[in-house]
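For reference, the structure is listed below as structure tokens.
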Number of protein chains: 2
Amino acid sequence: MDEAEALAGFGAMAQETRLRIVRLLVMAGRDGLPAGDISAAMEVSPSNASFHLKELERAGLVVARRESRSILYAADFEALSGLIRFLMEDCCSGRPEICAPALATAAACCAPKSAASAP
Amino acid sequence: MDEAEALAGFGAMAQETRLRIVRLLVMAGRDGLPAGDISAAMEVSPSNASFHLKELERAGLVVARRESRSILYAADFEALSGLIRFLMEDCCSGRPEICAPALATAAACCAPKSAASAP
DNA sequence: TCCATATTTCAACAATCCTTGAATCATTGA
DNA sequence: TCAATGATTCAAGGATTGTTGAAATATGGA
């Protein structure tokens, strides 16, 4: 993840509807959701949802695929992960006080698969 | 960190000059840097730097203090940390595959267990 | 084929954001 | 007090972004 990608990523997350769409899609998992369901859940017009979904796609945060009549959008988990990593690598820069608290959050929400080192 | 703060934070980071200022200030540490030095380092006019610094301040990512004739800007490490945490809590939502890689990054740059004392 | 469904595209307009340079404010030292 | 320094504010303009509704495209079934 280079600076340009990170800028696009932050820009995509800096809009209420889009931030909420990302959250919805993360919860929806790898299968994603049809554009219509997203538009309904966000309570915005299909055309507005389409605009923001395209923006998220352009930023590389979601991917689209057609399935019959629907177009399914799914979060790109790698890209989201990359965005977090960019923020950490960049902002850490020898300053553990920034990402140490984030580490605690991660530990609380993600159970490390391999080494279950619970406190 | 609520949604509104996160939106402001992402918005602030979604601009090249501001993203670079944040990086510079993180590296500069808690003492921060005078506006003039920042403007010179970014190679933008003092007025332009001032505009972006104010934007970063409004988003809560940096803090300003006057010291003699200079105004020193410093990164707000807690806010940056909060932004990472928001991204993780929000985007993790039961999906370790997102923040597990980020955990690895953090582990590489921050001492995992000991919450770090400044060198 | 024709129709209904699911979604996107487009143009027009509104709103917001960025840049620029001139004017202004605050602080210090002579 | 005056001049110099460091920084901010402001207005104007251009550029980008978001919203809307109507029209267009793609798909599947009768």
Side-chain angles (χ1 to χ4, degrees), chain A residues 3-25 28 31-76, chain B residues 3-25 28 31-76:
Chain A
E3 184 182 277
E5 287 175 299
L7 279 169
F10 291 135
M13 304 283 261
Q15 207 279 339
E16 193 181 344
T17 302
R18 288 198 295 262
L19 183 58
R20 287 171 51 223
I21 290 178
V22 168
R23 277 205 259 192
L24 179 69
L25 291 181
D31 289 348
L33 291 173
D37 287 14
I38 297 170
S39 142
M42 296 299 111
E43 297 180 303
V44 301
S45 73
S47 120
N48 188 252
S50 183
F51 170 81
H52 288 304
L53 284 166
K54 188 157 271 282
E55 210 67 10
L56 286 168
E57 200 182 4
R58 207 166 53 83
L61 262 36
V62 310
V63 289
R65 71 178 195 280
R66 177 178 283 277
E67 197 154 287
S68 177
R69 265 188 273 210
S70 299
I71 294 187
L72 302 182
Y73 285 89
D76 184 326
Chain B
E3 184 182 278
E5 287 175 298
L7 278 169
F10 292 135
M13 304 282 263
Q15 208 280 338
E16 192 181 346
T17 302
R18 288 199 295 262
L19 183 57
R20 286 171 51 223
I21 290 178
V22 168
R23 276 206 259 191
L24 179 68
L25 291 182
D31 290 347
L33 291 173
D37 287 14
I38 297 169
S39 141
M42 297 300 110
E43 297 180 303
V44 302
S45 72
S47 119
N48 188 251
S50 184
F51 170 81
H52 287 304
L53 284 167
K54 187 156 273 279
E55 210 67 9
L56 286 169
E57 200 182 5
R58 207 165 54 82
L61 264 35
V62 311
V63 290
R65 69 179 195 281
R66 178 177 283 277
E67 199 154 287
S68 176
R69 265 188 272 213
S70 297
I71 295 189
L72 301 183
Y73 285 89
D76 184 327

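So that the names make sense, note that chain A is the first sequence line, chain B the second, and so on, each numbered from 1.
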| Of the nucleotides dG18(D), dT8(D), dT8(C), which has the atom closest to the S50(B) side chain? | dT8(D)
Between the protein and nucleotides 23-30 of chain C, list every N/O to N/O distance that falls short of 3.5 Å.
none

Do any side-chain atoms of residues 33-44 of chain B form donor-acceptor pairs under 3.5 angstrom with protein atoms, and if so which ones, sequence neighbours left out?
from: S39(B); atom 1: OG; to: V44(B); atom 2: O; distance (Å): 3.1

Could you tabulate the donor-acceptor pairs under 3.5 Å formed by side-chain atoms of residues 13-22 of chain B, not counting sequence neighbours?
from: Q15(B); atom 1: OE1; to: T17(B); atom 2: N; distance (Å): 3.0
from: Q15(B); atom 1: OE1; to: R18(B); atom 2: N; distance (Å): 3.2
from: R18(B); atom 1: NE; to: A12(B); atom 2: O; distance (Å): 2.9
from: R18(B); atom 1: NH1; to: H52(B); atom 2: ND1; distance (Å): 3.2
from: R18(B); atom 1: NH2; to: G11(B); atom 2: O; distance (Å): 3.3

| Atom pair CD/CD of E5(A) and E3(A) - distance to nearest 0.5 Å | 11.0 Å
| task | Under 4.0 Å between any heavy atoms, over every strand shown, what does S70(B) touch: base, sugar-phosphate, or nothing? Just pick one. | result | sugar-phosphate
| Spacing of K54(A) atom NZ and F51(A) atom CZ [to the nearest 0.5 Å] | 11.0 Å
| Atom pair CG/CG of L53(A) and N48(A) - distance to nearest 0.5 Å | 9.5 Å
| Where along residues 54-62 of chain B does a heavy atom come under 4.0 Å from DNA chain D, residue by residue in number order? | K54(B)
| query | In whole Å, what is the span from the CG atom of L72(A) to the P atom of dT5(C)? | reply | 19 Å
| Whole-Å distance separating the CG atom of L53(B) from the P atom of dG6(D) | 16 Å
| field | Separation of E55(B) CD from L61(B) CG (nearest 0.5 Å) | value | 11.0 Å
| query | OP1 or OP2 of dG6(D) less than 4.0 angstrom from a side-chain nitrogen or oxygen of Y73(B), does that happen here? | reply | no
Are there any protein N/O atoms within less than 3.5 Å of an N/O atom in nucleotides 19-22 of chain D, and if so, which ones and at what distance?
from: dT19(D); atom 1: OP2; to: N48(A); atom 2: ND2; distance (Å): 3.2
from: dT19(D); atom 1: OP2; to: H52(A); atom 2: NE2; distance (Å): 2.7
from: dG21(D); atom 1: O6; to: S47(A); atom 2: OG; distance (Å): 2.9

| request: Can you tell me the distance, in whole Å, between the CZ atom of R65(A) and the C1' atom of dT7(C)? | output: 16 Å
| For E16(B) and dA15(D), what is the distance between atoms CD and C1' respectively, to the nearest whole Å? | 16 Å
| For atom CD1 of I71(A) and atom C1' of dT9(C), their distance in whole Å | 12 Å
Would you mind writing out the side-chain donor-acceptor pairs for residues 68-75 of chain A within the sub-3.5 Å range, not counting sequence neighbours?
none

